[in-house]
2 protein chains.
Amino acid sequence: MTRKRVTLRDVAAAAGVHASTVSRALDPRTRARVNAAVVQRVVEISERLGYRPNAAAYSLRTSRSRTIGVIVPDIENPIFPPMVRGVERTLLAHGYYAILGNTDGDQAREHMLVKGFTARGIDGLVLASVNREDRVARDAALGGTPVVTVNRRLDDPTVSSVVHMEDSGVLRALTHLVSLGHRRIAVIAGPQDTSTGAERLESFLRHRETLGIADDPRLIAFAGAYSEGEGERCLEELIVRRAPFTAIFCANDRLAIGALAALGRRNVACPGDVSVVGYNDMPMVDRIHPPLTTVRVQQYQMGVEAAAILLAMIDGAGEARHAVLPVELVIRGSTRALAAAEAG
Amino acid sequence: MTRKRVTLRDVAAAAGVHASTVSRALDPRTRARVNAAVVQRVVEISERLGYRPNAAAYSLRTSRSRTIGVIVPDIENPIFPPMVRGVERTLLAHGYYAILGNTDGDQAREHMLVKGFTARGIDGLVLASVNREDRVARDAALGGTPVVTVNRRLDDPTVSSVVHMEDSGVLRALTHLVSLGHRRIAVIAGPQDTSTGAERLESFLRHRETLGIADDPRLIAFAGAYSEGEGERCLEELIVRRAPFTAIFCANDRLAIGALAALGRRNVACPGDVSVVGYNDMPMVDRIHPPLTTVRVQQYQMGVEAAAILLAMIDGAGEARHAVLPVELVIRGSTRALAAAEAG
DNA sequence: CTGTTAGCGCTTTCAG
DNA sequence: CTGAAAGCGCTAACAG
């Protein structure tokens with residue numbers, strides 16, 4: 001039952017040629033150098049015998065594994081599966097496979113994973129949601145492993161990345177709120193050691209004056225993590241400060257969901273009393289109550305681009321590359337126009 | 001910069017011993033056979049040199065890769081990430097890595113993936129959501145690859161599986177509805193070529209009489225897939241048939257979400273006019289409107305168990321093993337008691 | 001165009 | 001307890 005694996009040698013013997021000829025005949029890159037008739041016979045026989053090249057031998061010999069490591073903080077966080085899917089599909093189309101790791105946002109764990117992956121000779125690394133100064137990512141890149149970060153980027157432009165046009169997203173969200181009459185807009189900012197957290201806040205601050213948004217430090221709360229729990233906590237913090245606001249701009253959807261939950265608990269109606277905007281348009285936020293107005297990013301496409309960049313780097317494109325994808329605003333039920341009387 | 005990888009030989013040379021001694025000293029299983037002092041020196045030097053064993057060489061030599069393939073229909077379907085996470089974490093604790101593939105429910109794709117994974121010498125396979133007769137799974141298992149299916153199982157008990165107590169889940173859901181006064185309960189059944197679809201329907205039919213639920217074939221609709229779209233379609237089908245019902249039992253949450261959407265479009269209130277029960281308790285269904293009453297399954301734990309079974313099989317536990325996990329009912333806002341006047 | 005040779009880095013007999 | 005030797009299956013020079 002456990003029929004022995006058929007090797008190159010077996011095919012060679014059956015075809016009456018040498019193993020190296022079989023190797024050449026089966027590799028599209030070297031096939032041209034072999035007699036066409038031989039190629040045909042070899043291909044046929046290898047198929048009949050059910051020959052499957054041994055990846056370990058290939059890898060040992062060439063020190064390429066056709067495997068790339070994909071590291072996310074937590075695949076259970078709904079923003080990652082589409083990205084992973086984009087990576088996986090693109091990779092597969094090129095004969096590469098994805099090996100997956102979760103860090104739980106822990107750098108030590110990330111370090112271990114990268115070490116483990118490197119030991120098994122991965123050809124490259126896709127790192128989702130690194131921090132702005134991510135030693136692990138930097139070291140891997142410095143060590144010669146092709147690396148591309150996705151969703152966020154390092155401050156160091158040496159490492160390839162795929163991210164979104166943060167400024168454009170923030171501007172759209174704010175313009176929307178302002179057009180609805182909101183001026184006292186609170187912000188739940190993301191962790192400032194992440195590129196997204198820092199850039200989104202920076203954009204808010206930059207556009208605040210231009211758009212006529214109230215400049216009040218009491219309206220800015222800082223989340224320590226992109227979690228529902230932090231969203232709730234920040235909302236409480238904003239309320240305790242007693243600076244009135246009619247809308248909240250959240251640095252991501254999970255913070256927004258937390259804020260919504262806390263609002264509900266305090267019997268503050270959304271969008272009746274306060275409008276809420278999220279960021280990411282992660283799955284299901286169109287089905288929650290109220291359906292969330294948010295900035296849509298291209299999770300899947302990010303994965304596709306990341307894989308493409310990685311593949312190019314593996315094929316020797318030395319330079320780091322950076323892709324920046326456009327975003328769009330998705331208006332749903334969590335934002336509404338201020339009645340004239342309410343306008344402040 | 002691209003410092004050459006340090007090999008066993010390098011460590012051996014530095015330690016003044018033979019490579020095979022280093023190999024023995026570094027392997028916990030054979031370490032006992034080496035002089036303690038030598039072990040210590042070797043370990044120390046290998047650490048100082050930053051020695052990382054070459055996985056390809058190990059794999060070529062032993063034909064074990066410490067890698068297992070995890071195949072899901074679509075990682076973007078929210079029920080899979082927790083399961084994948086459970087597998088990954090358990091595997092990692094044992095020095096194994098997970099390589100991920102998506103099939104989109106396509107058997108041909110599944111076949112390709114399994115072939116690809118097998119070629120790279122995976123030590124085992126976790127297959128999520130196979131059909132009852134899944135050739136690919138059967139063939140892989142027959143071919144000697146340790147296989148465990150998760151979430152669903154084959155009709156063939158030869159292949160290990162981790163599933164839930166379907167009958168218990170269905171009974172809880174129905175008992176809940178009946179206790180609320182519902183007797184005319186419609187069913188949106190899952191695909192019957194899946195174990196979950198078939199078993200949940202079978203349980204419904206079995207308990208229907210005992211519980212005093214109306215026996216009316218017009219109240220059963222069959223979904224062709226576990227998708228929101230099919231949920232919507234089935235709901236329309238049920239309505240068109242003009243057989244009244246006060247509650248709907250859906251074979252999974254996505255069908256329920258679709259049903260909810262279709263209900264909303266027709267201005268039928270849930271739970272006001274009709275109660276809805278889902279199945280799985282997938283992430284976010286507690287935040288939708290109305291929060292979904294559903295049967296909670298242990299996605300994460302399934303992954304953990306699957307990995308454990310697989311590891312045991314790899315270590316030579318010949319027999320197939322089957323784990324069946326308990327479920328619980330989570331009552332939320334989508335179900336409510338029938339007023340006495342409404343009771344049919 | 002094809003065969004020969006060597007060796008990737010590791011584990012595992014087999015001697016000693 | 002340790003060294004020597006062989007070889008897993010493959011590719012990449014190098015001859016011919």
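Residue numbering restarts at 1 for every chain, and letters A, B, ... go by the order of the sequence lines.
Each of V130(B), V148(B), D134(B), L154(B) was evaluated against V159(B); a single residue qualifies, L154(B), per the side-chain contact (heavy atoms from CB on, under 4.5 Å) test.
Proximity note for N54(A) (side chain, C-beta onward) versus dT12(C), dA12(D), dC10(D): the nearest is dC10(D).
One interatomic measurement links the two molecules: CZ of R52(A) to P of dC10(D), which rounds to 12 Å at whole-angstrom precision. dC1(C) atom C1' lies 16 Å from atom CZ of R31(A), rounded to whole Å. Rounded to an integer number of Å, the gap from CZ of R9(B) to P of dG7(C) is 10 Å. The separation between L60(A) atom CG and dG7(C) atom C1' is 9 Å, rounded to whole Å. At whole-Å resolution of the value, CZ in R120(A) and P in dC8(C) are 22 Å apart. Here dG9(D) presents its P atom at 23 Å from CZ of R64(A), a figure rounded to the nearest Å. Taking atom CG on L8(B) and atom P on dT12(C), their separation rounds to 12 Å, with Å as the unit. Nucleotide dC8(D) holds its C1' atom 13 Å from the CG atom of D10(A), rounded to whole Å.
Within 6.0 Å of CD in E133(B) there are 12 or fewer heavy atoms belonging to other residues, nucleotides or ligands.
Using modelled atom types, one side-chain atom of D10(B) and one backbone atom of T7(B) make a donor-acceptor pair closer than 3.5 Å. In this structure, the side chain of S160(B) does not engage the main chain of A320(B) through any donor-acceptor pair within 3.5 Å.
Under the ring pair (Phe, Tyr, Trp, His ring centres under 6.0 Å) criterion, Y97(B) pairs with F117(A), sequence neighbours left out.
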Grab the N/O contacts between the protein and nucleotides 2-6 of chain D below 3.5 Å, and write none if there aren't any.
{"from": "dT2(D)", "atom 1": "OP2", "to": "N35(B)", "atom 2": "N", "distance (Å)": "2.7"}
{"from": "dG3(D)", "atom 1": "OP2", "to": "H18(B)", "atom 2": "N", "distance (Å)": "3.0"}
{"from": "dG3(D)", "atom 1": "OP2", "to": "T21(B)", "atom 2": "OG1", "distance (Å)": "2.6"}
{"from": "dG3(D)", "atom 1": "N7", "to": "R24(B)", "atom 2": "NH2", "distance (Å)": "2.9"}
{"from": "dG3(D)", "atom 1": "O6", "to": "R24(B)", "atom 2": "NH1", "distance (Å)": "3.2"}
{"from": "dG3(D)", "atom 1": "O6", "to": "R24(B)", "atom 2": "NH2", "distance (Å)": "3.4"}

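Here D155(A) pairs with R132(A) in a salt bridge; the nearest charged N to carboxylate O distance falls below 4.0 Å.
Contact between the side-chain N/O atoms of Y51(A) and the OP1/OP2 oxygens of dC10(D) is found at a separation under 4.0 Å.
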